[in-house]
Amino acid sequence: MPIYLIWPLTIALFFVFMVGVLFLMTRSRRFVKVICSIFFAVAVLGGFVFYSYSYLSSDMSFTDALYSTVRGILSTARMFSINDNYDFFSKENIWVQIVFWLCHVSALIVIQAALFALFGKKLIESFRLRFGLHKEVFIIKGCDKYALMLGENIATKDDPKGQPDAKRLIVFLIEEDDDMNKIKEKVTHIDGLVIMPDRKNDLLNCLKKTGLGKRRRRKTKYSMIFMLNSTSAADGTVHAAEYANARNVTPDSLNVFVFVLFEWDRKEIEMITHEKDGERRKYPYTINIVRERDLMVRQMIKEHPPCDCASFDFNENGETAHNFTVLILGFGTVGQQALLRLMMNGQFVGSRMRAIIVDREIDHLREHFLHYYPSVKLCCDIEFERFDVRDEEYFSFLENENDLDYIVVAINDDEISKQIALDTRLHYERRKIAKLPFIAIYEKNGSLPCAKQDELNDKIFSFGCRDAIYNESVIIREETDLMAKAVNNAYAEMYGGKPWHELDWFLQESNRASADFIPAMLKLARLKESDLDIKDTLTDNPNLEEILAQTEHLRWMAFHAAMGYNPINTDEMRRRFENYPGEKNTREHLDFCRRDTKARLHACLVPWDKLDGVRDTYRELAGKAGNVKEQKRDFKDNDRDIVKNIPKFIKAAKS
């Protein structure tokens, strides 16, 4: 071969070799360790055997043999400094030479990998982001304890003993004042990457590094997560959405999760991600607004739903004669959220929810709560009591309350909360009451229980442990959201609507609330989820089907009441129809007469037996608007269709 071809070929082979080693380094850390261990073993064992054999002869003394062995060890070590004694094998069989050189190549791969690990970390990170095996990238803005915990749970799919999934890449975006080396040490075991902005808060530069918006051989799904302590989460959400939108990232390729502490923060994110009319989304991506206390209470009800209370007894038609009674001790933000969630999940035909609220500061708390949630009285009878739960007055109160189903202790003191829960259980034990209520304790600094409690005997459980909610199944909520998306898709097919990523926070929460209540519906129908694998309907009993539709309407009303909605009467519907400020006789015109998302008004926020009057008025207005389809609308059918489609929701979510 001409000399002018040898050098280009040599350089090309060297480049291919380097890229190959670098490509290996982009795999998961566990994969790299296994591969390097194999190559190291091949190099050491093969090199020692070959070199020792070449130094031995048949007439050697023991001392010479020992000397040859030492030479073999030293020659093997020299392989890792890119030296060889090839002359010994130049006259051997070609296959022997090939095997010998494979041992040397293995040594080269090991030393090359070591050099890359020492001096090429940034290059490896770039290759991992661009050419890694991952199909999902989770970008977490923040690096506190819970950010790291969430990243680990996502990487291992909530299995603390499991290995990180090579198809998932966890990227932590940190601030300039964070200790980058310390954080890298913490995320090494999950093969996570840590990126620090080149400039202060340069989020877009970080997103560019992660490959968002770049063309790839395969589709990659991105999830952007802004933790509670991340600065400018609202602005960061907009920047991420704008960046993705400018690079034509598809709607199903990006989900954004933003942790907020207050309702103000949630509304701010809603405002800046919507158009000025407040109805349309600016960006075609799902933006999940997450509040810790919502997740905590939601987990409490998921594990201990009202329908599982000992006093509930449902007949074959799904009715009960038992009124659901709740006691809330402490009416701060957690106590209020517990009441609203219990109200949303404790609505059954034949039952009326009753809530007793106890707080030393109840006077101003009551007025603020009723002002913000004016329609809770439609779904729940509320009694407010002002006394200290540590006083004798509390136990005198318990003496007169024999029908409590659910007690939530949400005092802002973990020690007092636990003591009150124990004293309450002791009170019931002394009175020998068989059907004990659930006793839920909110622990601000709670930890995961060491062992599962015997709930049939004591029924005391705690919620509020952050370790329990910073999981993939809770935050990413894939299972719940799949069901919620199925609900939305089915409803959109029947009545028209928007795809999931175009829904605002309220409508997404509405679909989630419907999905959360499905287990209760199955219990009323006396079915298990597995039964629906062979069934297309919940029941063939028309009476049960109608009761389930009424139950769904009660749940729907409770959700809207928990979101601060007020009802619109039929006279107001007509006035709104006449005074609509936009284009007349459109679908928006007709919608405006029965609901207003800004003012939180809805005409269907009435009992079941009054829905026919709302329907008649709406059909009258639909006739004036010339909308033939809406003249056939029956609001009761909306609830009936939801019930009929529950098997479809479950199957769609599974598939």
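We're numbering straight along the sequence, starting at 1. Just the heavy atoms: all of them, side chains too, but no hydrogens, waters or symmetry mates, feed the values below.
Scored by the salt bridge (Lys or Arg N to Asp or Glu O under 4.0 Å) test, Lys145 finds no partners at all (sequence neighbours excluded). Shown here are the side chain to side chain contact (heavy atoms under 4.5 Å, CB included) partners of Asn153, two or more places apart in sequence or in another chain: Met149, Asp158, Asn471. Considering only residues two or more places apart in sequence or on other chains, Pro251 meets the side chain to side chain contact (heavy atoms under 4.5 Å, CB included) condition with Pro284, His501. Legend: residues meeting side-chain hydrogen bond (donor to acceptor under 3.5 Å, both in side chains) with Glu185, ordered by chain and number and at least two apart, are absent. In terms of the side chain to side chain contact (heavy atoms under 4.5 Å, CB included) criterion, residue partners of Lys302 (sequence neighbours excluded) are, by chain and number, Gln299. Taking Glu292 as the reference, Arg466 meet the salt bridge (Lys or Arg N to Asp or Glu O under 4.0 Å) condition, with sequence neighbours excluded. Looking at residues two or more places apart in sequence or on another chain, you find a salt bridge (Lys or Arg N to Asp or Glu O under 4.0 Å) between Lys523 and Asp308. Evaluation of the side chain to side chain contact (heavy atoms under 4.5 Å, CB included) rule for Phe40 yields Val44, Phe80, Val110 as partners, not counting sequence neighbours. A search for salt bridge (Lys or Arg N to Asp or Glu O under 4.0 Å) contacts involving Arg298 returns Asp516, not counting sequence neighbours. With sequence neighbours excluded, the residues satisfying side-chain hydrogen bond (donor to acceptor under 3.5 Å, both in side chains) with Asp536 are Lys651.
Here the closest non-hydrogen pair linking Met296 and Gly464 is CE-O, 3.5 Å. Contact record, Phe257 with Ile475: CE2-O, 3.5 Å, taken as the closest heavy-atom pair. Minimum interatomic distance between Ala484 and Asn511 (heavy atoms only, all atoms of both residues): O-CB, 3.6 Å. Taking all atoms of both residues into account, the shortest heavy-atom contact from Ile289 to Trp505 is O-NE1, 3.6 Å. Of all heavy-atom pairs between Glu502 and Arg281, the closest is O-CG, 3.2 Å. What you find for Val260 and Leu228 is that their closest heavy atoms are C-CD2, 3.7 Å.
Side-chain contact between Phe172 and Val187 is present, with at least one heavy-atom pair separated by less than 4.5 Å. Annotation: side chain of Leu522 is in contact with side chain of Leu532 (closest heavy-atom distance under 4.5 Å). Considering only heavy atoms from C-beta on, Val258 stays 4.5 Å or farther from Asn288 through its side chain. Proximity of Asn181 to Ile183: side-chain heavy atoms (C-beta onward) are nowhere separated by under 4.5 Å. Contact of the Ile174 side chain with the Lys141 side chain is not registered, since no non-hydrogen atoms from C-beta on lie closer than 4.5 Å. Side-chain contact between Ser253 and Thr250 is present, with heavy atoms from C-beta onward closer than 4.5 Å. Contact annotation: the side chain of Val171 never approaches that of Ile140 to less than 4.5 Å [non-hydrogen atoms, C-beta and beyond]. In this structure, Ile441 and Phe463 have side chains that are not in contact, with every pair of non-hydrogen atoms separated by 4.5 Å or more.
Counting only distance, with no hydrogens or angles, the side chain of Asp531 and the backbone of Lys528 share a donor-acceptor pair below 3.5 Å. Between the side chain of Arg293 and the backbone N or O of Leu261 there is at least one donor-acceptor pair closer than 3.5 Å. Distance alone, capped at 3.5 Å, places no donor-acceptor pair between the Tyr222 side chain and the Leu207 backbone. Side-chain atoms of Gln508 come within 3.5 Å of backbone atoms of Trp500 as a donor-acceptor pair (strictly under, hydrogens ignored). Although no hydrogens or angles enter the test, the distance criterion places no donor-acceptor pair under 3.5 Å between the side chain of Asn645 and the main chain of Lys648. Although no hydrogens or angles enter the test, the distance criterion places no donor-acceptor pair under 3.5 Å between the side chain of Asp178 and the main chain of Met180. Between the Asp191 side chain and the Ala155 main chain, no donor and acceptor come within less than 3.5 Å of each other. Under a 3.5 Å cut-off, the side chain of Glu152 and the backbone N or O of Ile190 do not form any donor-acceptor pair. In this structure, Ser106 contributes its side chain and Ala43 its backbone to no donor-acceptor pair below 3.5 Å.
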**His134 and Arg168: CA distance, side-chain angles, deciding distance, side chain to side chain contact (heavy atoms under 4.5 Å, CB included) verdict** = CA-CA 5 Å; His134 52 270; Arg168 291 185 165 187; 5.9 Å; no

**Message:** Could you go through Lys221 and Asp252, starting from their C-alpha distance and side-chain angles, then the distance that decides it, and tell me whether this counts as side chain to side chain contact (heavy atoms under 4.5 Å, CB included)?
**Reply:** CA-CA 7 Å; Lys221 186 175 181 180; Asp252 59 341; over 6 Å; no

**Prompt:** For Tyr243 and Val249, what are the C-alpha separation, side-chain angles and deciding distance, and is it a side chain to side chain contact (heavy atoms under 4.5 Å, CB included)?
**Reply:** CA-CA 9 Å; Tyr243 179 88; Val249 175; over 6 Å; no

**Item:** side chain to side chain contact (heavy atoms under 4.5 Å, CB included) assessment of Leu102 paired with Val42
**Value:** CA-CA 9 Å; Leu102 285 177; Val42 170; 5.9 Å; no

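The line from SG of Cys465 to OH of Tyr442 is 11.0 Å long, rounded to the nearest 0.5 Å. Ile469 contributes atom CD1, which lies 5.0 Å from atom CG of Leu295 (distance to the nearest 0.5 angstrom).
Checked for salt-bridge contact, Asp179 and Lys182 miss the test: no charged N lies under 4.0 Å from a carboxylate O. Ion pairing between a basic and an acidic side chain is recognised when a charged N comes within 4.0 Å of a carboxylate O; Asp165 and Lys157 show such pairing.
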List, one per line, each side-chain donor-acceptor pair under 3.5 Å for residues 233-242, sequence neighbours excluded.
| residue | atom | partner | partner atom | Å |
| --- | --- | --- | --- | --- |
| Thr237 | OG1 | Ala233 | O | 2.7 |
| His239 | ND1 | Asp235 | O | 3.4 |
| Glu242 | OE2 | Tyr283 | OH | 3.1 |

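Applying the ring pair (Phe, Tyr, Trp, His ring centres under 6.0 Å) test to residues at least two apart or on different chains, the pairs with a partner in residues 465-485 are Tyr146-Tyr470, Phe259-Tyr470.
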